[in-house]
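Quantities reported herein were computed from a predicted structural model and do not represent experimental measurements. Each chain gets a letter, A, B and so on, in the order the sequences are listed, and its residues count up from 1.
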Amino acid sequence: MPVSAAASPLPQTTACFHPVCLPGAVTEASQESVYRAVNSKRPVNLDLTTIHFPLPALTSIAHRITGVILFIGLIFAFWAFDKSLSSPAGFAAVSDALAHNFLAKLIAWGLLSALAFHFVAGIKHLLMDIDIGVTLEGGVKKAQITVVVSAVLIILAGVWVW
Amino acid sequence: MVTNVTNLGRSGLSDWLIQRVSALILALYTLFIVAYLLFNPGLDYAAWSGLFAQTWMRIFTLLSLISIAAHAWVGLWTVTTDYIKPTGVRVGTQIVIILAIFVFLVWGIQVLWGA
């Protein structure tokens, strides 16, 4: 992110805190090396399949995406909450949909999956708040654990729904 | 300290704390509901509505509804300020989000106290 962003007419309290977006991510030294690399005659790596975000950046972005999904998914959760408590017939309609309707099962599994990931990534945040694993190695390790634990929970959620 | 009129607590530190407290409440509520459903496989309407008729469950659920409202606003405010740069589009999106949060809050309270 260029330093000139500070000249924006509106005061911004929060910039993007992703490691890739932090002002320090592109240092003058690295800009200088990029400049030299661009102007040299040596081969340049333009194979996009070998250029990727580090895992902690991906889990951070996924934490945001699952958060947005869960907010949209509240419509389904509130519908089930409302309908199931409205009357015995309403309760039967919700349990029948979750037992026999493929689309309802898919939505339930999708939302449980988003919830599982968001939950685990949130616990990771809380651990970092109490100074656990706040190192580069710790960050990668915790991102790996987040992926593995939420993958297990997502499979278990699928078993539960079906 | 730089403040922004659109964030919930008017300061980043306040939002940070609100996000953590609401996250803990929602984590406990999630664990409770999942455990309740897992340990009551043959759940019927009488037991389900009986659960939500109890005062402690209504307090716990209302606390979680308020936590959802605060947590969703802090989270979506952060995401919208990070990615939607044109002021008009961002403020428009944030107004829709606030309205949706308000609807969910009123809807939830109405269900909880059986309209």
Side-chain angles (χ1 to χ4, degrees), chain A residues 1 5-6 8-18 21 60-61 63-68 70-75 77-95 98 108 112 115-116 118-126 128-130 153 156-157 160-161, chain B residues 1-7 10-12 15-17 19-20 23-24 26-27 30-31 33-34 37-38 41-49 51-53 61 65 68-69 71-83 85 87 90 97 100-101 103-105 107-108 110-112 114-115:
Chain A
M1 184 180 288
S8 154
L10 281 171
Q12 289 203 322
T13 52
T14 313
C16 177
F17 287 117
H18 282 135
C21 303
S60 176
I61 292 163
H63 195 184
R64 289 175 169 216
I65 293 171
T66 51
V68 173
L70 286 171
F71 183 69
I72 295 165
L74 281 178
I75 296 167
F78 271 70
W79 171 81
F81 178 53
D82 187 354
K83 194 84 175 167
S84 68
L85 285 171
S86 63
S87 64
F91 182 88
V94 175
S95 51
L98 286 172
L112 283 172
L115 183 61
H118 201 81
F119 189 104
V120 176
I123 299 291
K124 191 189 81 146
H125 253 293
L126 294 175
M128 288 167 74
D129 288 342
I130 52 172
L153 289 174
L156 288 176
W160 190 24
V161 170
Chain B
M1 189 190 294
V2 183
T3 57
N4 186 310
V5 292
T6 56
N7 65 347
R10 300 291 177 272
S11 94
D15 278 7
W16 178 89
L17 186 62
Q19 201 67 342
R20 267 73 189 166
L24 284 173
L26 290 171
T30 302
L31 289 177
I33 292 290
V34 169
L37 293 175
L38 280 175
L43 187 67
D44 61 359
Y45 175 74
W48 183 241
S49 62
L51 173 68
F52 284 92
T61 306
L65 286 171
I68 286 176
H71 196 86
W73 177 244
V74 174
L76 291 171
W77 177 85
T78 308
V79 170
T80 49
T81 49
D82 274 358
Y83 302 115
K85 294 303 174 189
T87 307
R90 184 180 65 250
I97 291 167
I101 289 171
V103 168
F104 281 133
L105 196 56
W107 188 5
Q110 187 176 290
V111 171
L112 210 46

Considering only heavy atoms, which portion of [X] lies under 4.5 Å from any heavy atom of chain B: side chain, backbone, both, or neither?
| X | value |
| --- | --- |
| A:Ile75 | both |
| A:Ser87 | backbone |
| A:Leu74 | both |

Does any heavy atom of chain A fall under 4.5 Å from the side chain of [X], the backbone, both, or neither of them?
| X | result |
| --- | --- |
| B:Ile33 | neither |
| B:Leu51 | neither |
| B:Val34 | both |
| B:Leu43 | both |
| B:Ala23 | neither |
| B:Leu26 | neither |
| B:Thr61 | side chain |

I'd like to check B:Trp107 versus A:Phe81 (side-chain heavy atoms, cut-off strictly below 4.5 Å). Are they in contact?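 Not touching, per the 4.5 Å side-chain cut-off.
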
Do B:Gln110 and A:Asp82 come within less than 4.5 Å of each other through their side chains, counting heavy atoms only?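 Side chain of B:Gln110 against side chain of A:Asp82, heavy atoms only: no contact under 4.5 Å found.
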
Top residue by heavy-atom pair count (under 4.5 Å) with chain B, among A:Gly122, A:Pro88, A:Gly90, A:Gly67?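 Heavy-atom pairs under 4.5 Å are most numerous for A:Pro88.
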
Roughly how far, to the nearest 0.5 Å, is the CZ atom of B:Phe52 from the OG atom of A:Ser84?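 The distance works out to 7.0 Å.
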
What distance separates B:Leu37 CG from A:Trp160 CH2, expressed to the nearest 0.5 Å?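 Here the rounded value is 5.0 Å.
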
Just say parallel, tilted or perpendicular for the rings of B:His71 and A:His118, cut-offs at 30° and 60°.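 Correct class here is perpendicular.
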
Mutual orientation of the aromatic rings belonging to B:Phe104 and A:Phe78 [parallel < 30°, tilted 30-60°, perpendicular > 60°]: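 The arrangement is tilted - the two ring planes meet at 30° to 60°.
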
Who wins among B:Ala100, B:Gly75, B:Gly108 for the most heavy-atom pairs under 4.5 Å with chain A?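 Heavy-atom pairs under 4.5 Å are most numerous for B:Gly108.
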
Hey, which of B:Leu38, B:Leu24, B:Thr30, B:Ile68 has the most heavy atom pairs under 4.5 Å with chain A?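 Sorted descending by pairs with chain A, the first entry is B:Leu38.
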
